[in-house]
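Take a look at the structure below.
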Amino acid sequence: MNTVNTGDTAWVLISAALVMLMTPGLAFFYGGMVRKKNILSILMQCFIVLCLLSIQWVVYGYSISFAPNDGFWGGFQWFCLNGVGVEPYPDYAATIPHQAFMIFQAMFAVITPALILGAFAERMKFSSFLIFILLWATFVYAPVCHWVWGTGGWLKKLGVLDFAGGIVVHITAGIAALATALVIGKRKNLEKNIPSPHNLPFVVLGTALLWFGWFGFNAGSALAANGIAVSAFVATNTAAAAGGLSWALMDLIRNGRTTMFGTASGAVAGLAAVTPGAGFISVVPAIAIGLVASLICFIAVSVIKPKLGYDDSLDAFGVHCISGTWGVLATGLFASKLVNPAGADGLFLGNPKQFLIQLIAVGVTLVYAFAVTMIIYKIVDLTIGVRVDEKEEAMGLDLTQHHERAYTVLE
Amino acid sequence: MKLIVAIIQPHKLEEVKEKLYKAEVNLITVSEVLGHGQQKGVTEIYRGAKETGNLLRKIRLEIAVNESFVEPTIKAIIKGAQTGNIGDGKIFVLDLERCIRIRTGEEGSLAIG
Amino acid sequence: MKLVIAIIQPHKLEDVKKELYAAEVNLITVSEVLGHGQQKGVTEIYRGAKETGNLLRKVRLEIAVNESFVEPTIKAIIKGAKTGNVGDGKIFVLDLGRCVRIRTNEEGSLAIG
């Protein structure tokens with residue numbers, strides 16, 4: 001019989017609350033980047049995802065993601081949390097009530113689809129968004145989550161290391177962002193004028209909330225108040241800091257000035273990159289992961305994206321997928337059993353097999369998530385249409401989709 | 001000299017700027033205003049309460065030009081701002097008696113460019 | 001009566017106000033605008049990408065005056081706003097056909113002060 005540990009339970013519940021705050025944090029991070037006629041649409045999309053997927057998760061999302069099953073996804077035996085009670089479920093966490101693990105995971109299931117919306121910001125119909133997100137959470141998030149973290153998942157059996165969701169969260173959402181940006185097309189008039197972010201202080205506020213919440217995301221993923229939680233906490237903060245510094249430095253080298261927007265973006269890139277390895281690596285690799293994450297995201301966003309010409313409006317692919325992929329591969333390089341005996345050694349500690357496993361997991365996830373996202377998008381587009389019409393886009397989504405405006409001009 | 005005042009759709013500003021620069025009109029002043037003409041305004045909903053006929057966001061341009069630039073300026077604005085829908089805006093042309101450059105104190109046509 | 005419109009640098013507003021008050025010109029309307037003339041605009045960097053030629057923030061003054069106040073008003077604005085650099089701004093003088101005080105219905109020179 002497993003006994004509930006009060007300290008572990010308290011930490012996981014607090015972590016769940018921290019991760020919950022990341023979705024509104026993401027809303028401000030993204031909301032500040034769009035034009036002021038569209039900020040409410042961003043805040044609303046994030047907020048409705050929190051509402052919609054919280055319900056989806058307890059009804060069937062948790063079951064198909066985590067109920068034990070060797071197949072494509074989990075079973076339906078935990079439908080409506082049937083059998084998911086206060087007794088620990090040792091396969092996932094032996095010292096906390098099963099429902100504590102469930103609600104902690106719920107917050108991951110909420111924020112992951114919300115990450116995608118940066119790609120199609122300022123031009124998607126709200127009704128289509130709801131259906132797209134629900135299908136995506138069901139057919140992309142749940143299966144990949146099961147493969148990597150669920151009992152019976154094939155990537156878990158293979159031995160892939162993904163501490164807090166580099167594959168499950170950042171790669172799935174990031175590649176879905178690229179897929180949707182490619183099919184939905186550019187925003188109107190983009191070649192003439194790339195719109196400036198309307199409120200960079202919101203971007204910074206959002207970054208701060210994300211950084212804060214990420215302690216729950218990564219250190220909470222230890223699922224116990226123990227040494228691994230602490231080392232994940234340290235790695236998280238270190239990589240975020242390295243990412244922020246690294247972007248500021250590149251801005252300085254390339255453009256002659258450091259920028260607030262760039263530094264905030266770099267910190268987020270560092271955070272996304274350290275996510276899969278947080279509980280498996282020591283502090284020096286965390287610095288390297290953060291530094292390199294910013295470097296490659298900077299190149300992806302400011303050099304490669306303009307050349308390829310797709311409009312990933314808020315760089316959901318450029319920041320999350322790129323840094324997430326780097327983070328998962330870096331875990332295969334830097335992971336150490338000295339840090340976490342339950343993990344594995346990486347390539348640099350003489351275990352090239354781990355790097356290969358990480359590479360397979362990345363490849364499979366990229367292909368699967370890209371393809372299924374495309375199919376879901378096409379289904380929604382052919383039935384109710386995804387994009388707003390030109391006039392609505394010009395007026396802004398706040399007024400046309402929600403009949404609200406964020407800022408009055410007078411009084 | 002004339003002072004041209006135009007009220008246009010916000011999302012057309014970039015196009016109008018581009019057409020003006022092409023017509024070699026570089027001195028423009030832009031401000032955010034509210035207004036509506038034949039458009040009915042927009043409906044907004046706040047906590048379930050509907051408000052109709054609210055003013056729409058518009059952009060106001062002010063351009064001081066010599067006589068020879070009046071027609072090209074008007075043409076450039078129309079070219080950049082016209083969509084054919086209600087709400088495209090208006091152009092007003094006013095007589096400009098004097099124009100002074102603050103930096104040098106120059107007056108008239110010399111100062112306007 | 002004349003309508004004097006001036007576009008000045010935002011940081012010069014306080015100096016201009018001081019000079020106008022000293023010239024006993026008290027009725028002014030101020031708004032925040034964007035614009036540029038001979039200045040090239042400003043460079044901004046977003047996520048590593050440079051944008052050039054963005055419009056600069058300016059302040060727009062509107063002052064309705066009697067004929068006798070036109071010269072003192074222009075002098076006051078120049079005195080307050082001039083730095084000698086490109087970007088100091090412009091002053092426009094337009095004929096003002098009528099002026100009505102809303103509170104009293106007074107018209108013309110009586111209403112303008």
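These numbers were taken from a predicted model, which means no experiment stands behind them. Atoms considered below: every heavy atom in the structure, side chains included; atoms not considered: hydrogens, waters and symmetry mates. Sequence lines set the chain letters: A, B, ... in the order given, protein chains first and strands last, and positions in each chain run from 1.
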Are the side chains of R101(B) and K90(C) in touch, meaning some heavy atoms are under 4.5 Å apart?
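A side-chain contact under 4.5 Å exists here.
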K58(C) and T29(B), any side-chain heavy atoms less than 4.5 Å apart:
no
State, to 0.1 Å, how close I5(C) and L3(B) come at their nearest heavy-atom pair, and which atoms those are.
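I5(C) and L3(B) have their closest heavy atoms at CD1-CD2, 4.0 Å.
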Grab the two heavy atoms, one from D88(C) and one from I102(B), that are nearest each other, plus how far apart they are.
O-CD1, 3.6 Å
Does any backbone or side-chain atom of E62(B) lie under 4.5 Å from a heavy atom of chain C? Answer side chain, backbone, both or neither.
side chain
Greater than 12 external heavy atoms within 6.0 Å of E106(B)'s CD
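Enclosed: over 12 neighbouring heavy atoms sit under 6.0 Å from CD of E106(B).
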side-chain contact (heavy atoms from CB on, under 4.5 Å) with A6(C): which residues, sequence neighbours excluded?
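A6(C) satisfies side-chain contact (heavy atoms from CB on, under 4.5 Å) with I8(C), L61(C), I77(C), I91(C) only.
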Heavy-atom distance under 4.5 Å to chain B: side chain of V70(C), backbone, both or neither?
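The side chain, not the backbone.
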Of the backbone (N, CA, C, O) and the side chain (C-beta and beyond), which part of L3(C) lies under 4.5 Å from a heavy atom of chain B, both, or neither?
neither
Picking from M1(B), R98(B), K17(B), which has the most non-hydrogen pairs under 4.5 angstrom with chain C?
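Of the options given, most contacts go to R98(B).
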Nearest 0.5 angstrom please: I7(C) CD1 to I28(B) CD1, how far?
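Those atoms lie 11.5 Å apart.
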Find the distance between CD1 (I100(B)) and CD1 (I78(C)) and round it off to the nearest 0.5 Å.
5.5 Å
Could you give all pairs that pass the salt bridge (Lys or Arg N to Asp or Glu O under 4.0 Å) test and reach residues 15-24 of chain C, with sequence neighbours left out?
K12(C)-D15(C), E14(C)-K17(C), E19(C)-K79(C)
